[in-house]
**Student:** 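Just dropping this structure here.
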Amino acid sequence: MRRVARLASFALAAVLLTGAAPTPTPATTPDPEETAAPTIRDRQYWLNDYGVRRAWRTTQGEGATIAVIDTGIVDGPEEFEEAVVGGTDVSGVGTPDGRTPVDVVNRNHGSWVASLAAARGGRDTDKMIGVAPEADLLSVSLGFGDSATVPFAQQVADAMIWSVDHGADVINLSFTTNQKAWDESWDDAFLYAMQNDVVVVVAAGNRGAGTQSVGAPATIPGVLTVAGVTPEGEASFEASTQGITIGVSAPSEKLLGISADGVVKEWKGTSGAAPIVSGIAALVRAAHPDMSAVDVINRIIKTARMPKGVSQVPDPFYGYGLVNAAAAVSADVAPVTENPMGDLGRWIEVNRRQQAAPQPAPTVTPVEIPPLPPADPPAEAGSSFLPSEDELRSGTLPLVALTGAGILVVLGVIAAVRRVRSARVRRSPSKP
């Protein structure tokens, strides 16, 4: 037993130093009856496997703010008590602080998302802890489908603008429309966030929910789209999808989340992969307060780990690879001036061409026309079919004379021809 205890202490030291649990061997595996049930903290495998614990040596996200635009972060669980610093409702049916879930079917969704990003678990291993446990949260409640009185496109646009105006450094969007195109009102809303130096993180969607390839908002240039992988780091078939706009990948299976009733539940989907990356973005922003949103996104994709079996990135299933929190926070990455995920402003210029401005009306200069000479007095009334005296003199009488003369000549010719023929007949002999 002393040897087992000594080996266990070595294993604990390895976890603290490397952030990854060593692979146990049969010689050091305790008997089943001596194995305690895994704690909630033990089940959060992404904390070790994706460098989150190592990143905590630098920062836990203090000073960064994540806006969770979702069904609402429930008010009640102590893990959210000090985390949520503000909120609003854009659905028309929630409470003004955004803390009452507005979707009956998905009422836990917003709380699950928020807990992965920044739940305050402290040192209690039976409580869930977020990737950025000292970052602040903004709860913006919206409703999916029929669970709102405001059109969904308008809800999202309003939520984006409110989040930017209330200090968000990172905005998390864990939903998809299953359509590549998006409402034109989103152009200005998303561009407003990017122009105000906010990192926008978006879920790629799930095949299990009918999403075969990424849809908006994951197709919007400039957002950081997150795909999902299994605990083994392989592309998830059910809890992810594919697309050329994917930036990085993060766990989307066997995730944990704090439900609206405060109970921790297991769930899956890129809705959970996205807030893990949002938490990492908050860690980077806290560690580098002066770094631009473009550089934050660039650091996250440039420090991602190459997945097994992938030789070239970006990959339609993994993007630039598996996210690495420790490297994103501490690695030496050259700054950039352009967003590696695209330029929304340029896209709008090319694809949303403004209608031509109305042309000025031409100036018309009036032209002076001299008056016409007075008209001749009208002729005396008469039949329009009878020739006038002048017409008889100049045209009709000469024409009649010529015509009569012609007729006389023709008659004379005909008479002469007949006389000649008669004479020939008299001189010709007759047959017997």
Side-chain angles (χ1 to χ4, degrees), residues 61 64-77 79-119 130 132 135-145 147-177 182-183 185-186 188-194 196-203 216-218 220 223-224 226 257-258 260 271-272 274-275 277-279 281-282 285 293:
T65 300
I66 305 171
V68 177
I69 300 177
D70 214 288
T71 59
I73 305 172
V74 69
D75 189 4
E79 291 90 340
F80 297 140
E81 283 184 3
E82 297 181 359
V84 181
V85 298
T88 192
D89 173 70
V90 294
S91 70
V93 297
T95 53
D97 61 358
R99 302 298 301 277
T100 302
V102 298
D103 191 321
V104 175
V105 177
N106 299 292
R107 67 187 311 267
N108 293 318
H109 197 268
S111 299
W112 288 347
V113 169
S115 57
L116 280 165
D136 293 330
L137 291 170
L138 296 175
S139 177
V140 184
S141 59
L142 55 71
F144 301 109
S147 59
T149 60
V150 180
F152 185 72
Q154 182 181 336
Q155 290 185 69
V156 175
D158 292 344
M160 294 289 292
I161 293 172
W162 186 94
S163 299
V164 175
D165 290 343
H166 288 78
D169 300 298
V170 181
I171 293 177
N172 187 91
L173 302 173
S174 288
F175 58 80
T176 180
T177 62
W182 58 90
D183 191 89
S185 66
W186 290 11
D188 292 337
F190 280 76
L191 188 60
Y192 183 67
M194 295 171 189
N196 282 275
D197 204 41
V198 178
V199 177
V200 182
V201 181
V202 179
I220 297 177
V223 305
L224 180 56
V226 184
I258 301 173
S271 285
V277 175
S278 289
R285 304 219 80 165

**Student:** Please enumerate all residues that pass salt bridge (Lys or Arg N to Asp or Glu O under 4.0 Å) together with D197, with sequence neighbours excluded.
**Tutor:**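 Only R285 meet the salt bridge (Lys or Arg N to Asp or Glu O under 4.0 Å) criterion with D197.
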**Student:** Among all residues two or more places apart in sequence or in another chain, which pass the side chain to side chain contact (heavy atoms under 4.5 Å, CB included) test with A282?
**Tutor:**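 A282 satisfies side chain to side chain contact (heavy atoms under 4.5 Å, CB included) with A64, I66, A132, A135 only.
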**Student:** Could you tell me whether the side chain of S139 and the main chain of G87 form a donor-acceptor pair under 3.5 Å?
**Tutor:** no
**Student:** Holding to salt bridge (Lys or Arg N to Asp or Glu O under 4.0 Å), I want the full list of residues that pass it with R99, two or more places apart in sequence or in another chain.
**Tutor:** D75
**Student:** With under 30° as parallel and over 60° as perpendicular, where do the rings of F152 and F144 fit, or are they tilted in between?
**Tutor:**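 If you compare the ring of F152 with that of F144, the planes turn out tilted.
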**Student:** Among all residues two or more places apart in sequence or in another chain, which pass the side chain to side chain donor-acceptor pair (under 3.5 Å) test with D89?
**Tutor:** S91, S141
**Student:** Holding to side chain to side chain donor-acceptor pair (under 3.5 Å), I want the full list of residues that pass it with D183, two or more places apart in sequence or in another chain.
**Tutor:** S185
**Student:** Please check this pair: side chain of S111 against backbone of A260, looking for a donor-acceptor N/O pair closer than 3.5 Å.
**Tutor:** no
**Student:** Relative to the ring of W112, is the ring of H109 parallel (under 30°), tilted (30 to 60°) or perpendicular (over 60°)?
**Tutor:** tilted
**Student:** Please name all residues satisfying side chain to side chain donor-acceptor pair (under 3.5 Å) with T176, sequence neighbours left out, ordered by chain then number.
**Tutor:**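 Partners of T176 under the side chain to side chain donor-acceptor pair (under 3.5 Å) test: none.
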**Student:** Would you give me the side-chain donor-acceptor pairs under 3.5 Å for residues 79-86, sequence neighbours excluded?
**Tutor:**
none

**Student:** For A159, what residues pass the side chain to side chain contact (heavy atoms under 4.5 Å, CB included) criterion, not counting sequence neighbours?
**Tutor:**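 If we apply the side chain to side chain contact (heavy atoms under 4.5 Å, CB included) test to A159, skipping adjacent residues, the hits are I69, V90, V140.
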**Student:** Checking T65 now: which residues fulfil side chain to side chain contact (heavy atoms under 4.5 Å, CB included) with it, not counting sequence neighbours?
**Tutor:**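 Listed in chain order: D136, L138, D169.
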**Student:** Residues in side chain to side chain donor-acceptor pair (under 3.5 Å) with N106, at least two apart?
**Tutor:** D103
